[in-house]
Amino acid sequence: MHPRIALLLLATLPLVAAETAHLSIDASKAGAKIDRNLFGQFAENLGHGLYEGIWVGPDSPIPNTRGIRNDVVAALRALKVPNVRWPGGCFGDEYYWRKGIGPAAQRPATLNSAWGGVVDANSFGTDEFMDFIQQIGSQAYVSINVASGTPREAAEWLEYMTAAQPTALAKERAANGHPDPYSVGFLGIGNESWGCGGNMTADYYLSQLKIYSHFVRNDNPSQQGPHRMLKIAVGPGTPETEWTETIMKAWQHHDWSWNIDGLSLHWYTVPNGWPPSTPSTGFGVQDYAKSLKSTLFMDELLRKQEAVMDKYDAQQKVALVVDEWGAWHAALGGTNPSFLVQQNSLRDAILASLNLNIFARHADRVRMANIAQMINVLQAMILTSSEKMVLTPTYYAYRMYVPFQDATFVPVAFDAGAYAQGGVSLPRVDAIAARDASGKLWLEITNLDPEAPIDLDAEIAGMAVKAAKGEVLTASAVDSVNTFASPHAVVPKPVSANLKGGRLALTLAPKSVTVISLEP
Ligand code: AHR
């Protein structure tokens, strides 16, 4: 054969032969509801997360509605963000809410001591946060200050937000332009009280929890009884279970005077340990494999904590709330290290999909989660710079997962296979399925292998599938990113799937997240 013909043939063949993955799904088998709150976000007063990311002020040339960026609001609406945790984080345990209400010119300038000691004009306070929540169509998850605040301050903050009767605080809210009480869906009672939130022992925190749980009330008449605000206690931040043991053991015998609906868990993907050192740009498959390996620990972590919760709460009344999670990489060069700025690559989108799949598999106990953080901080959905905005690969993964919100988990049986990279061994495939309220079956399949495509062969029982369509998120390299100059390097694209005799066939691109809808 002429060498030029041989070269041409080589160029048209895939470089790596596709493996086959067999999946079987019985659509008639229903598991737990995948609570939409698993797709929650975290927006702390940190770096450019709020200021510049959300808030530009009403006088800004950047298009805004009452100071809140229109481009960011439109992008977030497409994600159907179910809840937003605010104001912290470590910042929350230094926050005094009164600094952030009333006429902007009269608000005091303070220091954000938790994050870089920068001056905070307090322009984005309670009323601005609630405006943001309403603009994006979400629910407020307010984290109260248990470390340096008092129960009275927190109780008054909730009264300011939720009282409908003409109390002095409700009148103050009305004078600030908001006569109707706000809805506060979730109350976080402290943050990392074992660390930045006061370095408390579990027993000390427990006594604080009882006080705050009792006295910090939601007075909104529409949030009573079955629609009540859910209270979330500080939970562990390590695989150790003593903290969970202390809180849950006490909860088992709680009386009318205190209660919780959730226990939080914080866990970041930091493959090389603290301080975070993985680069967020310009890395290769070895770093990619290490990050994914590290993130898969979430499953074991949840199992450990759930085992303790099950001992004291067999009926799963208390949810495990993973209200801080995500990839924490080294800060980007040239940025303030306290602002936790990192790029977001295809690796992060795949990492997000693996975690969302883990949460879905634990959906009976894990009913809420908040990725850290929403904009310009850590594993962000959105990056901004002045008037520019770019949507990250993680944003697109979240957009592809929207149909899983409140869908019913359907078990998927598959052989995950194995992919090995420099001593790191990973499953090659991950998958979840769920049925939505309209009867559609949704299938997500992640191909972790950065080099080899996978021929998917899925057997679907319990449902006659008439049509299949889907989207794939992939890119040329594991470290591909979207930038202001090149915002569409990592965006979902349509993928073709074949249906024949109850089987679905498609090729999964290397390093990809694919979501398929199967219509009855
Ligand atoms: O998300 C950044 C920080 O990480 C939060 O403020 C804190 O709760 C956690 O340690």
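Counting convention: from 1, in listed order, for ligands and their atoms alike.
Checked against the 6.0 Å centroid criterion, the rings of Tyr398 and Tyr401 do not qualify as a close aromatic pair. Remark: aromatic rings of Trp251 and Trp258 are distant, center separation not under 6.0 Å.
Residue Leu378 places no N or O, backbone or side chain, under 3.5 Å from any N or O of ligand 1. Taking only nitrogen or oxygen atoms, main chain and side chain alike, Tyr268 reaches within less than 3.5 Å of ligand 1.
Each of the atoms 5 (C), 6 (O), 7 (C), 8 (O) of ligand 1 lies under 4.0 Å from some heavy atom of Cys90. Listed by number with element, the atoms of ligand 1 under 4.0 Å from a non-hydrogen atom of Phe42 are 1 (O). Set against the non-hydrogen atoms of Asn191, the atoms of ligand 1 under 4.0 Å away are 8 (O). Heavy-atom contacts of Gln373 reach the following atoms of ligand 1: 1 (O), 2 (C) (cutoff under 4.0 Å). Heavy-atom proximity to Glu44, at under 4.0 Å, picks out these atoms of ligand 1: 1 (O), 2 (C), 5 (C), 6 (O).
With hydrogens and angles left out, the side-chain atoms of Trp157 and Thr126 include a donor and acceptor closer than 3.5 Å. Checking His329 against Arg347 by side-chain atom types alone, a donor-acceptor pair falls below 3.5 Å. Side chain to side chain, Asn357 and Asp430 meet the donor-acceptor criterion of an N or O pair below 3.5 Å.
Annotation: atom 10 (O) of ligand 1 to nearest protein heavy atom, Glu192 OE1, 2.8 Å. For atom 4 (O) of ligand 1, the nearest protein heavy atom (residue, atom name, distance) is Glu324 OE1, 3.2 Å.
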Q) Could you walk me through whether Thr246 and Asp203 pass the side-chain hydrogen bond (donor to acceptor under 3.5 Å, both in side chains) check? A) CA-CA 7 Å; Thr246 303; Asp203 285 323; 4.6 Å; no
Q: May I have the step-by-step check of ring pair (Phe, Tyr, Trp, His ring centres under 6.0 Å) for Trp86 and Phe42, ending in yes or no?
A: CA-CA 6 Å; Trp86 171 85; Phe42 175 32; over 10 Å; no
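Of all the heavy atoms of Trp328, the ones lying under 4.0 Å from any atom of ligand 1 belong exclusively to the side chain.
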